[in-house]
Q: 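This is the structure, below, for whatever I ask next.
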There are 2 protein chains.
Amino acid sequence: MFSKACEYGIKACIFIAINSYEGKRVSPKEIAEEINSPQAFTAKILQALVRHKVINSIKGAYGGFEVSKYEIKNIKLSQIVKAIDGDNIYNGCGLGLEKCDENHPCPVHDKFKVVRDELKLMLENTSLEELALNIKSGASFLKT
Amino acid sequence: MFSKACEYGIKACIFIAINSYEGKRVSPKEIAEEINSPQAFTAKILQALVRHKVINSIKGAYGGFEVSKYEIKNIKLSQIVKAIDGDNIYNGCGLGLEKCDENHPCPVHDKFKVVRDELKLMLENTSLEELALNIKSGASFLKT
DNA sequence: TTTATTTCGGATATTTTTATCCTATTTATA
DNA sequence: TATAAATAGGATAAAAATATCCGAAATAAA
Ligand code: FES
Ligand code: FES
């Protein structure tokens, strides 16, 4: 469904959010340990998220990754997915036709569109805040 | 969403079904042309579908790929997807945890499961027959 | 039985994704 | 200003997915 990079990206954002609530910046090393991902690869994904302005980075001593405490509830899963995997999953054809087009649909278009749109809606309606709170409360987990 | 291999596999099955209604067997060459896919790679995918008993192959002169005319309505999209991409898309965790487990859920589990289950249901309820008829009637397309 | 046709399957090549490594640049503090 | 701590980013490696090639095996018909 999502690429490995995207899975790591989502989990990383959640961990960053949790720490940002407490004013703490985190490093790729800490993140990778917490979400069980390869560190250097995770660092690359974080760079991409910074470029797309999903998270911030502060360079130099006492730096790290963070996200504005007041923005956490406004950041949606869809932004993270779009930053890393692009928007093919939202708009692309389920059978790989050049583009999904009502006027030139693939055989599964009608049925696929329903599912794809629901996925899109789910990602757009899910905030980093609720995912982070979910982890903090111990109701869900980032690894194993 | 689906792998390239799976996209080709689904389209190939539809084309085979259409021809099987008319008692005609088709070759990887014809299939690849009709669905706009690399021929040799498509042949490999057809082999996998044969191994999983989704379609039949007849070797030798006047051979080719076919599917029992009376089975077309019983073959579901889910069988094709499962044969090629496995069942991770049905059962796997959206964030890549080892397994999707109610008792050790990832942060998106609850919301992801809803979408994943709907996808599963859609694939299980969509038959090769309806897809083939859809193409025959000119209502949908296999390429461009 | 020979021949032409066709799938099967192993070997290999290419491309994309995933992962690692190393150096440059930035920045807070001593 | 010097130093240590961090991210940025380029180069490279490894693994997986996609794609190609070719000979072996099977089969129908001449
Ligand atoms: S054309 Fe294939 S999903 Fe819309
Ligand atoms: S645990 Fe992640 S989807 Fe169920």
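Below, each value reflects all heavy atoms present in this structure, side chains not excepted, and no hydrogens, waters or symmetry copies. Naming convention: chains lettered A, B, ... in sequence-line order (proteins, then strands); numbering from 1 in each chain. A quick note: this is a predicted structure, and the numbers were derived from the prediction, not measured.
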Q: Specify whether Phe2(B) and Phe112(A) have parallel, tilted or perpendicular ring planes, treating 30° as the upper limit for parallel and 60° as the lower limit for perpendicular.
A: tilted
Q: Rounded off to whole Å, could you give me the CD-to-C1' distance for the Gln47(A) and dA6(D) pair?
A: 12 Å
Q: Under a 3.5 Å distance rule, please check whether Arg116(B) uses its side chain to pair with a backbone N or O of Asn91(B) as donor and acceptor.
A: yes
Q: For the pair Lys76(B) and Glu124(B), find out whether any cationic side-chain nitrogen is under 4.0 Å from an anionic carboxylate oxygen.
A: no
Q: Could you tell me whether a side-chain N or O of Tyr90(A) sits under 3.5 Å from a main-chain N or O of Ser78(A), the two making a donor and an acceptor?
A: yes
Q: In whole Å, I'd like the distance from the CZ atom of Arg25(A) to the P atom of dA28(C).
A: 8 Å
Q: So do the side chains of Lys11(B) and Glu34(B) get within less than 4.5 Å of each other, counting heavy atoms only?
A: no
Q: Closer than 4.0 Å, any side-chain N/O of Arg51(A) to the OP1 or OP2 of dA8(D)?
A: no
Q: Roughly, in whole Å, what's the span from CD1 in Ile16(A) to P in dA6(D)?
A: 15 Å
Q: Measure the distance from CD1 on Ile58(B) to P on dA29(D) and round it to the nearest whole Å.
A: 13 Å
Q: Any side-chain N or O of Ser27(A) below 4.0 angstrom from OP1/OP2 of dT7(D)?
A: no
Q: Provide, to the nearest angstrom, the distance between the CD1 atom belonging to Ile55(B) and the P atom belonging to dT7(C).
A: 10 Å
Q: Under 4.0 angstrom, heavy atoms only, what part of the nucleic acid is Leu46(B) near: base, sugar-phosphate, or nothing?
A: nothing
Q: Using a cut-off of under 3.5 Å, enumerate the N/O to N/O pairs linking the protein to nucleotides 22-26 of chain C.
A:
from	atom 1	to	atom 2	distance (Å)
dT26(C)	O2	Gly60(A)	N	3.4

Q: Do Lys69(A) and Ser20(A) pair up side chain to side chain, a donor and an acceptor below 3.5 Å, judged on atom types alone?
A: no
Q: Leu49(A) CG to dT7(D) C1': how many Å, rounded?
A: 14 Å
Q: Using whole Å, report how far CG of Asn56(B) lies from C1' of dA26(D).
A: 16 Å
Q: Does Ala32(A) offer a backbone N or O that forms a donor-acceptor pair with the side chain of Asn36(A) under 3.5 Å?
A: no
Q: Taking atom NZ of Lys143(A) as the centre, does the number of heavy atoms from other residues, nucleotides or ligands within less than 6.0 Å exceed 12?
A: yes
Q: How close or far is atom P of dA6(D) from atom CD1 of Ile31(A), stated in whole angstroms?
A: 13 Å
Q: For nucleotides 11-18 of chain C, give me every protein contact, N/O to N/O, under 3.5 Å, one pair per line with atom names.
A:
from	atom 1	to	atom 2	distance (Å)
dT18(C)	OP1	Lys4(A)	N	3.0

Q: Look at the side chain of His104(B) and the backbone N and O of Thr144(A), then say whether any donor-acceptor pair between them is shorter than 3.5 Å.
A: yes
